Amino acid sequence: MDSLEIKNLSKRYGKKMVLKNINFEVKNGEFLSILGPSGCGKTTLLRILIGIEDITEGSIYKDKKDITKLDPSKRGMGIVFQNYALFPNMNVLENVSYALKIKLKNKEKAKREAIKMLEMLNMKEHLHKYPHEISGGQQQRVAMARTLVLNPDIILFDEAMSALDADNRLKLRGELKNIQKKTKTTMIYITHDQEEAFSLSDRVMVMNDGEIVQIDKPSVIFRNPANQYVKNFVTDHLVDKVSSIQKCIGTDI
Amino acid sequence: MKKKFGKLNVFLLIFLGITVLYPLLMMIGHINVSDIGKLVGSVGFQEALKNSLFVGVIATLISVIVAYLLAYSINRTNIKHRAVLKLCITVPMLIPSISHGLGLINLFGARGIISSLFGFNIVGSLGIIVGSVLYSFPIAFLIIDDGFKYVDTNLYESARVLGLNFHQTFFKVTFTYLKKPLFSAVFAVFTMIFTDYGVPLSVGGMYTTLPVFLYKEVIGLLNYSTGTIVGLFLLIPAFISFMVDTFMRDYASTSASGRELVLKENKVRDVIFKIYTYVIILSVFVIIGSFVYYAVMDNVLLNPVLSMKHFNYVISNDVGGYLFNSLVISGGVAIFGTLITYFVAYVTGRVRGKMARIIHILTIITLAVPGMVLGLAYSISFSGTFIYNTFLLLIIVNIIHFIASPYLMAYNALQKVNMNYEIVAKTCNVGLLRIIKDVIIPCTKLTIREMFAYFFVNSMITISAVAFLYNTKNMPLSILINTYEGNMMLGEAAIISLIILMFNVIIKLVIYLINRREDRRKYNEVTYESF
Amino acid sequence: MNDILGVEMFKKMRYNLFVNIKFVRKGNTKMKKILLLLMGAFLLTGCGSDREKVVIYSSMEEERNQALKEQLEEKFELYDVVVQAVATGNSAAKIKNEGSNIEADIVLDLETAHMANLEDNFALLSDFDTSMFLDGINNSENYFTWVKYTMNLIIDNKYFKEHNLSIPETYEDLLKKEYKGLIAMPDPKTSGTGYGFFLNAVNIMGEDKAIEYFNKLKNNMREFTTSGSGPTNLLKQGEIAIAMGMTNQGVEAINAGYDYTIVELKTGSPYNTTSFGIIKGHEDKAGVKEVFEWILTDFSRYDKEHFMPDQVLKNQKISVKNYPLDLTYADMMGIDDMKVKEHLTKMWGKVNG
C-alpha cells in the first residue's frame, strides 16, 4: 500500500454528529495512534475504516482508489480487538492458520506460515494450547499473529492492550514495535492512553468530540500543543506523570 | 452484515408469518364481536378466570421455590452424583402430563392409596396445584440451574471479606445474577400452568379453569369464536412476560469469571439439602410409578395379579407403527426445529435490526398459545393444502408449539459468545456461514444439544397440538394414550407412556454421554467469556 | 402399515435417524443433501399402501371398534379398511374444518346433534335400502341413526353397602347429603349423555327449576366430565359411587366383574342417538359404498345384538348378558331439535361455565 486518505468524513447517529469532517492521511509503514477519551469518536472511526459502519458523508481512498463502499474483506485490513476474540474451540496454531487455510485452500502451507509467524512472536512452545490456557499477553500475540499471517496492508488495533497489566503492556509494546519494524506493516492504533500512544507512534492523532484536534509527531505535540485541550490532555498529563514518579523515588531522572 | 441478512430476515419473517401469524389470524377471524361481551359477562367465564389465576399464581410460586432449592442443592452444596440427580429431576418432563394426573388420582384421589390413609383427597384446586407443580418444576429448575452458571463467583469472596451475612449476600450477589433467570422461570411456569388443560381435567373435579372452559367450548360446541376469545386471554401472560423480559437487564452476560466456586464445608447444610432433593425425586417417582403399576397388573381393583395382557394388547395393535411415526416426527422436529430456531436466534441476537424485533415477538408469542388452539388453527388454515395430512405438517406444528424455550436458550447463549468473531471473519475474508459453522456453533454446542433434546422430548409426549392434525398414516404414539385412557384401559395407557419415557431417556442419556466425553477436553462455554 | 410388530422397521429407522443426526452435525454436505431429499419426499407423502384404502372415523368404544376391525379384515381383503378411533368432539371438529378434504370416508357413531349441524358435509344416502330401520327413526337423507342409547345411574354396590347408603329413586333423591362428592355426570356441553340427562330434567321440571336443580346438585357432584364415559371411568377407578352414565357401559362393567347395579329413576331412562354417514364427495371412491352397505346391513345388527340393544331396527336380537330389559324411556321431547339443544347448552352456562 502507498497511502490511506480520509476525506471530509462525517458520521451522524440520529441527531448527534459523532464524527465531524475528518481529514487525514496515513503513510505507508507508519505507526499512527488515534488518541482520545471515551466518546470522542475513535471507535466509530475504526469501525468505518474497517467497513462495518456506514459513512454519512465523505470518502476513504486507498492507493488513490475509493474504498468507501468496499466490503471489509476486500480492504486488506486486519483488526486486533481488546478482548482478542480468539476462537476458543481451536488451539493457538489452528487460530492463526484458520483464515489462511481458507484463503490458500492449502492446509499444510497455512500451517507452515502460521508456525513461522508464531515463532517470530515467541509462541513456538504454545502451538497446541488453547486460548484459555495461555496468558493475556500470549493471547495478544496470537491475535496479532492471526492478522499478520494474512499480510494485510493495514492493521488496526482497538484498545488492544487496555486489558493487560502494566508489566505485560511494556513488554508487548516493545514486541509490537519490533514486529512493525520487521514486517513494515502500516498500523493504526486506537487508544485512550497517552503514554502508550506516545511511546509507540510515528505520529499521533489527537481527537476530541468527533474532531481531529492535532495530528503530528509525538515530540511536536508535546512541546507545541495546538490548544488548551491538547495541553491538558497530553502535555500536562505526561508531565504530571513524570513528576509523580520522581516524587516516589526521590531523584531527578 | 445487516444487508446480507436482509434475505434471511425476510425468509424467517415469511416463515413465521405463515406458521404463527396466519393461523392465529384465521382463528381471530372466527370471532363474533358480540360474543366477547357475552363471554366476559358470563359467570362461568369469570369463575374460570378467577380459578386459573388463583391456582396459576400459587402453583407457580411453589414450583419456582421448589426448583430454586433444588438448583441451590445441585450448585451450592457438596451433593454427589449431580448429573444423575439432574436427569432424575427432569423425568416428569419426559412423559405426557396425563400420566401425572392419573398417578395423582391413584395416590391422592377420593379412593387414593395415600388419601385413604390420611382421610383427605386433593381433587379440586389442591390437585391442580400439586399436578401443575409436578410437571413444571423441572423446567423452572433447568432455567435457574443454568442461571447459576453465570453468577460471578468472585463476588462471593468479596462479600465474605466485607463481612456480609447470608441474607445480605443472597440479595446483593446471588439475586442480582439470578434475577433474570428467576423471572424467566416464573413467567415460563405461569404461562405453562395457565394454558394447560391436562392436569385440571384429570384432578380438577368441579374446579374449572380457563383452558378447560376453552376445551369444552371448542370440542363440545365447536364454538370457535368463544374458544378463540378465551385463547386470547391466555396470551396475556406471554405479553407481560415479553415486556418484563425485554426491560430486565441481564447482568450475567457482562461478566462471568468461570472459575469454579470452592464450596465451604457445611455438613448440616449438605444433609438438609440432600434429604430435600431425594425426597422430591422420590415423590416424583412414586407418583409416576403408581401409574406404571397399571401396566403389569391385570386389573388394579378387580384382579390385582401380574399379567402381560396389556403388553400383548398393545403389541397386537400395531404399536410399532405408531412408535415409528412418533420417532419420525420427533426426529424431524428435533433436527429442523433446532436448525430453524438457531438461525432465528442468530438473526435476532447477533444481527439485530428492526425486523429482528418482530421476529423475536412472533417467536415468543408461541409460548402462550395452547397446543389445542394451535392445532385447531392449523386445521382450519391449512386444510386442503398440499402440506395437510403429511408428516411435515405435524413436524411444523410441533416446532412452532415448542419453539419459544429453545429459542430463548439459543438467544441467550448466542449473546454470550464474543460479538467480534463475525468482524474478524469479515476482515479475514471468511464467509459468514463458515465462521458460524467453525466457531459460533462449536461455542454453543451444549445449548444446541439441549435444544435438540427439548424438541425431541416434547414432541414425543405432546397430544394437544396434533390431536386435530394427524391422520391414519402418521398418527403418533401419544394419541393412543388418550384413546386408551378414555376407555379406562389404564394398563395400555401406562405402557405407551413407558415406551415414550424410554426413548426420551435414551436421547437424554446419549446427549449426556456426548457431553461428558467432551468434558475431558476441558473447555467449557462459560470461560469463552474472557475472550 | 402391514408390519404387525414394526419392531424391525423402527429399529432400522432409529439407527438411520441417529446416523442422520451425526451426518448433519459433521456437516458432510453431499450426504446431507441426499438425505434431505429423501426425507423431504418421505415426509410429504408418508407411508403408502398397496391396496385401496377406506377410512372410517369411529367414536365407538375400543371393544366395539375391535369387533369392527376383526370383521372388516375377514370380509374385505381387497381393501385396506382402516378404523380410526376419534372422540366425538374431535371428529366433529375435523369434519367442520376440513369438509370433503377430510381423510375419513365413513363417519360412524357420531352424536346425532353434531351430525345434524354438519349435515351439508355428508353425502346423500338415497341409494341405500333403509327398510330395516324402525319407522321414523331417521330424520335425514344424509345420515342414518346408528345407535340409540339410554343412560342411567350405575351404582357401586360395595360402597353403598359399606356406607349404608339408600338407593336413589328420583332426581330429588340425588340431592341428599349422603351422596356428597360421590356423583359424576357428563357435561351437557360436550357429551350427548350429559345432554340427555339435562334435557330430561328440563322436560320434567321446566327450564328454570332444572337449572336450579343442577346448581344444587353441584354440591354432590365430583365432576362434570368432558366425555360420556367419564363417570363410568371414575366409578371403575373407585373415585365415585354413582355414575350418571351410559347403560351399555354399566352393563359392560358388570360383565367384566365389577359389582355394580344399574338403577333406573322413577322418571325413566333418558336416551340419545348417534348416527353414521358417508362424507360428501367420497361416495364414489373405490370400496366406500361397499363397506358402508356392509356396515348398514351386517355390522349394524351385530353391534346392536352384542352391545347396544335399544331398538333402532325392526327385528333386533339381544344377546348382551345382564342387559336390563325392563327399562322405560323417559320424556326426551326435543332430543332431535337442534334449536332446543343450542338454547339449552347456552343455558347450562348458568350452572357450570
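Model, not experiment: these values are computed from the prediction. These numbers come from the heavy atoms of this one structure, side chains and all, not from hydrogens, waters or symmetry mates. Note on naming: letters A, B, ... go to the chains in the order of the sequence lines (proteins, then strands), and numbering restarts at 1 for each one.
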Part of K96(C) lying under 4.5 Å from any heavy atom of chain B: side chain

pair V54(C)-V82(C): side-chain heavy atoms closer than 4.5 Å: no

Residue pair S52(B) / P211(B): nearest heavy atoms and the distance that separates them: OG-CD, 3.8 Å

Distance-only donor-acceptor check, side chains E103(C) and Y388(B), under 3.5 Å: no

Donor-acceptor contact present, side-chain N51(B) to main-chain Y207(B), <3.5 Å: no

Toward chain B, the part of K69(C) with a non-hydrogen atom under 4.5 Å: side chain

Chain C contact via N303(B) - which portion, at a heavy-atom distance below 4.5 Å: neither

Contacting region of Q46(B) [heavy-atom separation from chain C under 4.5 Å]: neither

Option that, when pairs with chain C are counted at under 4.5 Å, heavy atom only, ranks first among M489(B), M475(B), K216(B): K216(B)

Top of L490(B), L302(B), N106(B), N223(B) for chain C proximity - count of heavy-atom pairs under 4.5 angstrom: L302(B)

Pair E111(C)-K341(C), salt bridge (charged side-chain N to carboxylate O under 4.0 Å, His left out): steps then yes or no: CA-CA 12 Å; E111(C) 289 290 345; K341(C) 177 153 200 255; over 6 Å; no

Parallel, tilted or perpendicular: rings of F382(B) and Y378(B) (30°, 60°): perpendicular

Region of Q249(C) that comes under 4.5 Å of a non-hydrogen atom in chain B: neither

Non-neighbouring partners of H163(C) that pass ring-ring contact (aromatic ring centres under 6.0 Å, His included), sequence neighbours left out: Y159(C)

Donor-acceptor side-chain pairing of S58(C) and D109(C) below 3.5 angstrom: no

Option in K236(C), M221(C), Q237(C), E63(C) with maximal non-hydrogen atom pairs under 4.5 Å from chain B: Q237(C)

Contacting moiety of L102(B), where chain C heavy atoms sit under 4.5 Å: side chain

N97(C) and L376(B), any side-chain heavy atoms less than 4.5 Å apart: yes

Most chain C-contacting option - heavy-atom pairs closer than 4.5 Å, from I105(B), V212(B), L469(B): I105(B)

Largest heavy-atom contact set with chain C, pairs under 4.5 Å, which of I380(B), V218(B), N471(B): N471(B)

Atom group of A256(C) that falls short of 4.5 Å from chain B, counting heavy atoms: backbone

Verdict with reasoning, E252(C) to R64(C), per salt bridge (charged side-chain N to carboxylate O under 4.0 Å, His left out): CA-CA 11 Å; E252(C) 185 252 324; R64(C) 293 157 72 193; over 6 Å; no

Region of A467(B) in contact with chain C, defined by heavy-atom distances below 4.5 Å: both

Verdict with supporting geometry, Y195(C) and W348(C), ring-ring contact (aromatic ring centres under 6.0 Å, His included): CA-CA 10 Å; Y195(C) 178 68; W348(C) 183 259; 9.7 Å; no

Side chain / backbone / both / neither for L221(B) at chain C, heavy atoms under 4.5 Å: both

Portion of S379(B) that has a non-hydrogen atom of chain C nearer than 4.5 angstrom: both

Cation-pi geometry met for K94(C) and Y57(C) (6.0 Å, 45°): no

Over-ring placement of K189(C) relative to F213(B), 6.0 Å and 45° cut-offs: yes

Side-chain donor/acceptor of H114(C) to backbone N/O of L110(C), under 3.5 Å: no

Winner by heavy-atom pair count (cut-off under 4.5 Å) against chain B, out of K218(C), Q66(C), E61(C): Q66(C)

Inter-chain contacts: residues 227-235 of chain C against chain B, heavy atoms under 4.5 Å: S229(C), N233(C)

